[in-house]
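Since the structure comes first, as structure tokens, the remarks are kept for the end.
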Amino acid sequence: MKTGFFTPRTKMADMIAANHTLILVVPRFGIPLGFGEKSVQELCAQYGQDVGFFLLVCNLYTFSDYPVSLHENVDLSGLIPYLEASHRYYLNERLPHIVRHLTSIGDRAGQQYAAVLHKFIDDYRKEVTDHFDYEEREVFPCIQQLQKGKGSAAQIAATFLDSHSDLVESLSDLPQILYKYLPGNPMVEELSELVFSILQLSSDLEKHALLEEKVLMPYVTQLSAQASGQSVQSAGKVDERRSR
């Protein structure tokens with residue numbers, strides 16, 4: 001694979017090899033595993049995904065220096081469905097996985113530890129659930145109205161950004177509890193797997209927030225300008241500055 005950012009010609013298997021965590025991202029686009037030698041372009045066409053938006057997400061999740069700027073080449077109509085698919089992944093897969101490990105470890109570590117762990121994860125799960133529920137109930141419908149040329153971004157900007165709590169920072173407290181206070185010797189393997197799962201989720205949430213900050217909110221601004229009749233450059237599109 002050529003060096004630089006991913007392009008439509010990049011083989012999907014090579015992209016996953018370059019960033020293993022993308023194996024958890026690709027299914028959110030409805031693209032199953034078993035890529036063979038197919039390129040990103042071929043698989044996106046096969047499964048009805050916009051290749052520009054797919055590459056935007058994968059590049060943003062992989063390269064810290066990936067530039068995002070407004071352009072006409074990327075259709076962002078799939079952004080809300082992707083964010084909703086990420087919400088389902090966090091709530092239905094990753095958090096239950098972490099809860100199972102915490103329950104097992106807490107039960108073996110003793111009641112005093114179990115109580116602390118259960119309270120932490122219950123509070124955190126509520127924080128995550130409330131945050132995603134707010135986005136899906138209040139923010140995303142407003143954006144979908146803007147996509148139809150109606151409404152304004154003013155309410156979204158005022159409420160969404162203020163309420164965008166730092167879920168990554170909250171989650172970072174959990175490994176510290178595990179490192180410092182749990183008796184680790186009898187369950188070192190499960191503790192290691194649990195910490196790895198927490199770090200993976202934390203990294204994924206960080207990219208999720210970055211996507212909302214760097215793509216979603218500029219997209220909202222462009223849609224609002226378009227709805228109000230201002231001159232904007234191809235509202236709803238994002239540039240893919242690709243290395244060829």
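All residue numbers refer to positions in the sequence shown, counting from 1. Values below: all heavy atoms of this structure, side chains included; hydrogens, waters and symmetry mates excluded.
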Provide the closest heavy-atom pair for [X] versus [Y] in the form atom of the first, atom of the second, distance.
X   : Y   : answer
F35 : I31 : CE2-CG2, 4.2 Å
A13 : G36 : CB-O, 4.2 Å
V51 : P8  : CG2-CB, 4.2 Å
F6  : C58 : CE1-O, 3.9 Å
Q49 : F29 : NE2-O, 2.7 Å
P81 : S77 : CD-O, 3.6 Å

For the residue pair [X] and [Y], establish whether any side-chain heavy-atom pair is separated by less than 4.5 Å.
X    : Y    : answer
L201 : L95  : yes
V57  : L60  : no
K214 : Y66  : no
L223 : L76  : no
Y47  : P32  : yes
L174 : L117 : yes
L216 : I80  : yes
S86  : Y82  : yes

Does [atom1] belonging to [X] count more than 12 external heavy atoms closer than 6.0 Å?
X    : atom1 : answer
E37  : CD    : no
K207 : NZ    : yes
F196 : CZ    : no
E169 : CD    : no

Subject >> Residues forming a ring-ring contact (aromatic ring centres under 6.0 Å, His included) with H97, sequence neighbours excluded >> reply: H101
Original post:
With H87, which residues qualify under ring-ring contact (aromatic ring centres under 6.0 Å, His included), at least two apart?
Top reply: F132, F140, H208
About how many Å separate [atom2] of [Y] and [atom1] of [X], when rounded to the nearest 0.5 Å?
X    : Y    : atom1 : atom2 : value
T7   : M15  : OG1   : CE    : 10.5 Å
T10  : Q41  : OG1   : CD    : 11.0 Å
S170 : F120 : OG    : CZ    : 7.0 Å
D173 : L178 : CG    : CG    : 11.0 Å
E190 : S197 : CD    : OG    : 10.0 Å
F54  : N59  : CZ    : CG    : 10.0 Å

Subject >> Derivation of the side chain to side chain contact (heavy atoms under 4.5 Å, CB included) call for E42 and M12 >> reply: CA-CA 9 Å; E42 291 170 323; M12 186 74 81; over 6 Å; no
Original post:
Does the side-chain hydrogen bond (donor to acceptor under 3.5 Å, both in side chains) test come out yes or no for H131 and E127, once each step is laid out?
Top reply: CA-CA 6 Å; H131 176 74; E127 181 182 1; over 6 Å; no
**OP:** Using the test salt bridge (charged side-chain N to carboxylate O under 4.0 Å, His left out), find all partners of K126 that sit at least two apart in sequence or belong to another chain.
**Re:** D130
**OP:** Would you please test Y90 and D204 for side-chain hydrogen bond (donor to acceptor under 3.5 Å, both in side chains) and show each step?
**Re:** CA-CA 9 Å; Y90 300 139; D204 201 323; 2.6 Å; yes
Original post:
Is the side chain of T103 donor-acceptor paired with the backbone N or O of V99 at a distance under 3.5 Å, no angle test?
Top reply: yes
